[in-house]
Number of protein chains: 2
Amino acid sequence: MATKASPKKTSPKVSPAAPRKRSAAGERGRGLSLSRERIAAAAMALVDREGLAALSTRRLGEELGCEAMSIYHHYPNKAHLMDALIDLMLGQAQVAMEPQWDWRERLRRAAHGFRAMALRHPAFFPFFAVHRLNTRAGVAYIDGIIGILREAGFSDREAATYFREIGYYLTGAALDETAGYAKGPSSAEPVSNETIAVHFKHLAAAAPYFQPAHFQATFETGLEILIAGIEHSRQGQD
Amino acid sequence: MATKASPKKTSPKVSPAAPRKRSAAGERGRGLSLSRERIAAAAMALVDREGLAALSTRRLGEELGCEAMSIYHHYPNKAHLMDALIDLMLGQAQVAMEPQWDWRERLRRAAHGFRAMALRHPAFFPFFAVHRLNTRAGVAYIDGIIGILREAGFSDREAATYFREIGYYLTGAALDETAGYAKGPSSAEPVSNETIAVHFKHLAAAAPYFQPAHFQATFETGLEILIAGIEHSRQGQD
DNA sequence: GCTCAAACCTTACAGCGTAAGCCTGATTTC
DNA sequence: GAAATCAGGCTTACGCTGTAAGGTTTGAGC
């Protein structure tokens with residue numbers, strides 16, 4: 001089967017001297033070769049630049065200067081690669097905790113770190129949001145946040161409950177702020193501004209405060225309500 | 001009229017007596033013919049039954065007893081169909097408001113209605129969550145919630161802010177409760193329970209409270225914190 | 001120089017959304 | 001009653017997707 005049995009015995013496809021995109025052949029085992037880290041970084045860069053829909057194995061291979069299937073040598077399938085992107089992203093949510101901060105300040109910083117992470121990769125966050133964090137890094141992150149609450153003196157049950165409630169808020173907020181970036185190639189045409197102005201007065205009046213300029217303030221007041229509410233729940237208890 | 005007209009006179013492709021799946025030919029213009037409503041309902045049923053990934057035009061056509069392309073006669077593309085599903089779902093979030101309820105009770109009921117809607121179609125909600133509600137029904141729904149806050153005496157700015165904050169919470173909560181249903185065909189293997197027990201003590205201790213049995217209580221306490229916080233913000237203001 | 005495994009490439013396949021065009025039966029019009 | 005129109009389907013085909021299967025190159029170790 002090794003014999004080509006066709007007139008084009010040597011010239012494979014187009015030009016025999018076609019230069020490899022991957023610079024020189026000798027670099028394969030070197031720094032420029034593929035690796036899990038380089039693949040994940042390129043994938044995230046591609047998503048950041050062109051959106052989630054642009055991330056296909058072929059397109060990513062193009063970006064890396066290799067064929068699509070070469071990626072499968074480092075990740076068994078695309079789902080594993082996506083998990084690596086989630087981990088990559090989650091690493092950017094980490095905030096160094098100063099020892100003098102109390103639990104409220106720690107929660108506040110962690111929350112802002114999470115939001116900053118989402119805003120750094122707005123096109124990827126919607127994917128992040130709908131996938132459970134069950135990688136090791138994800139579990140470690142969750143454990144850390146719960147630890148803040150436990151060290152503050154909350155019970156296991158309280159820590160679990162308040163962790164979730166804050167997580168709900170953070171996920172929803174980041175999703176809302178990044179939703180515009182995630183849309184696929186096409187969707188139905190939106191309702192026109194004129195229609196809103198005529199038929200939906202409440203929304204029309206509130207619309208200015210839905211602009212990105214207000215995102216930060218909205219996020220912060222809601223977060224403070226939650227933290228204050230959590231604190232208050234403990235004071236009312238003991 | 002019940003004559004099957006079985007031997008197709010032209011016999012185009014394979015077997016001349018191939019019976020149409022769509023029962024009788026005469027039913028085309030009748031109640032069993034396609035319509036936007038029937039297509040959307042079948043699509044939602046399919047997603048409920050087999051998950052988001054199962055919803056393809058071909059599969060849906062199979063479900064409806066027609067070819068995939070027939071759907072395009074009623075929806076210009078799949079994005080429009082998905083928008084119809086969003087509207088269909090959103091209709092189930094509506095709650096009849098009693099006049100004697102104050103704004104807190106109204107918000108509470110609306111929030112529970114939203115959650116119930118998500119839980120009725122857990123496999124579809126993750127799609128719902130990452131798409132903006134810019135259909136007419138979606139805009140009307142938003143307008144209604146903002147109206148509750150405006151009628152309660154909040155300013156446009158406050159109404160916009162609190163609407164969003166509650167929306168963040170609701171989206172995140174519903175997403176978390178439904179996330180397990182949305183996963184595609186395959187994903188990376190999760191972290192084992194033994195690993196969690198050994199390395200992540202806080203999470204292991206909190207794990208019992210992450211079970212579905214606690215979802216409702218967690219949701220409610222968080223919601224009450226938000227509503228109380230919103231109420232408190234007004235009292236501190238005037 | 002030979003062997004071998006890792007790293008990468010080629011080919012192929014089933015399934016996706018959908019553009020383009022065809023066919024058919026019911027309704028409308030004369 | 002016959003012809004014309006047209007909504008409501010069907011068929012085919014195209015470029016895309018993830019990935020299974022197997023072939024080819026490369027450098028290291030002997």
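All chains are named by letter (A, B, ...) in the order of the sequence lines, taking the proteins before the strands, and each is independently numbered beginning at 1.
- With hydrogens and angles disregarded, no donor-acceptor distance shorter than 3.5 Å links the side chain of B/Arg36 to the backbone of B/Tyr75.
- In terms of position along DNA chain C, the nucleotide closest to A/Glu67 lies nearer the 5' end than the nucleotide closest to the other residue of the pair B/Ala68 and A/Glu67.
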Let me check something: any side-chain donor-acceptor pairs from residues 111-119 of chain B under 3.5 Å, sequence neighbours excluded? List them with distances.
from	atom 1	to	atom 2	distance (Å)
B/His112	ND1	B/Arg108	O	3.0
B/His112	NE2	B/Glu220	OE2	3.4
B/Arg115	NE	B/Glu177	OE1	3.4
B/Arg115	NE	B/Glu177	OE2	3.0
B/Arg115	NH1	B/Gln216	OE1	3.0
B/Arg115	NH2	B/Glu177	OE1	3.1
B/Arg115	NH2	B/Glu177	OE2	3.4

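- One interatomic measurement links the two molecules: CG of B/Leu52 to C1' of C/dC16, which rounds to 15 Å at whole-angstrom precision.
- Atom CD of B/Glu62 and atom P of C/dG17 are 13 Å apart (whole Å).
- Straight-line distance from the CE atom of B/Met82 to the P atom of C/dT18: 11 Å, rounded to whole Å.
- In this structure, A/Arg136 has no salt bridge (Lys or Arg N to Asp or Glu O under 4.0 Å) partners at least two apart in sequence or on a different chain.
- In this structure, the nucleotide among C/dC8, D/dG9, D/dT12 sitting nearest to the side chain of B/Met69 is D/dT12.
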Counting only pairs under 3.5 Å, give me each side-chain donor-acceptor contact of residues 85-95 of chain A, with atom names and distances, residues two or more places apart or in other chains.
from	atom 1	to	atom 2	distance (Å)
A/Asp87	OD1	A/Thr135	OG1	2.4
A/Asp87	OD2	A/Thr135	OG1	3.4
A/Gln92	OE1	A/His121	NE2	2.7

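- Following rounding to the nearest Å, A/Leu64 (CG) and C/dA7 (P) show an atom-to-atom distance of 15 Å.
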Give me the distances for all protein-to-nucleotides 15-18 of chain D N/O pairs that come in under 3.5 Å?
from	atom 1	to	atom 2	distance (Å)
D/dT17	OP1	A/Ser56	OG	2.8
D/dG18	OP1	A/Lys78	NZ	2.6
D/dG18	OP2	A/Thr57	N	2.8
D/dG18	OP2	A/Thr57	OG1	3.0
D/dG18	N7	A/Arg58	NH2	2.7
D/dG18	O6	A/Arg58	NH2	2.6

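- Between the CD1 atom of B/Ile71 and the P atom of C/dG17 there is a distance of 9 Å, given to the nearest Å.
- Annotation: side chain of A/Asn77 is not in contact with side chain of A/Met82 (no heavy-atom distance under 4.5 Å).
- Side-chain nitrogen and oxygen atoms of B/Ser70 include at least one within less than 4.0 Å of the OP1 or OP2 phosphate oxygen of D/dC10.
- With sequence neighbours left out, A/Asp143 forms a salt bridge (Lys or Arg N to Asp or Glu O under 4.0 Å) with no residue at all.
- Here D/dG8 presents its C1' atom at 11 Å from CD1 of B/Ile39, a figure rounded to the nearest Å.
- The CZ-P distance, from B/Arg38 to D/dG8, rounds to 13 Å in whole Å.
- Note on B/His74: every side-chain N or O is 4.0 Å or more away from OP1 and OP2 of D/dA7.
- Across the protein-nucleic acid pair, B/Arg36 atom CZ and D/dG8 atom P stand 12 Å apart, rounded to whole Å.
- With sequence neighbours excluded, the residues forming a side chain to side chain contact (heavy atoms under 4.5 Å, CB included) with A/Thr218 are A/His214, B/Thr161, B/Arg164, B/Glu165, B/Tyr168, listed by chain and number.
- An OP1 or OP2 oxygen of C/dC8 is reached within less than 4.0 angstrom by no side-chain nitrogen or oxygen of A/His73.
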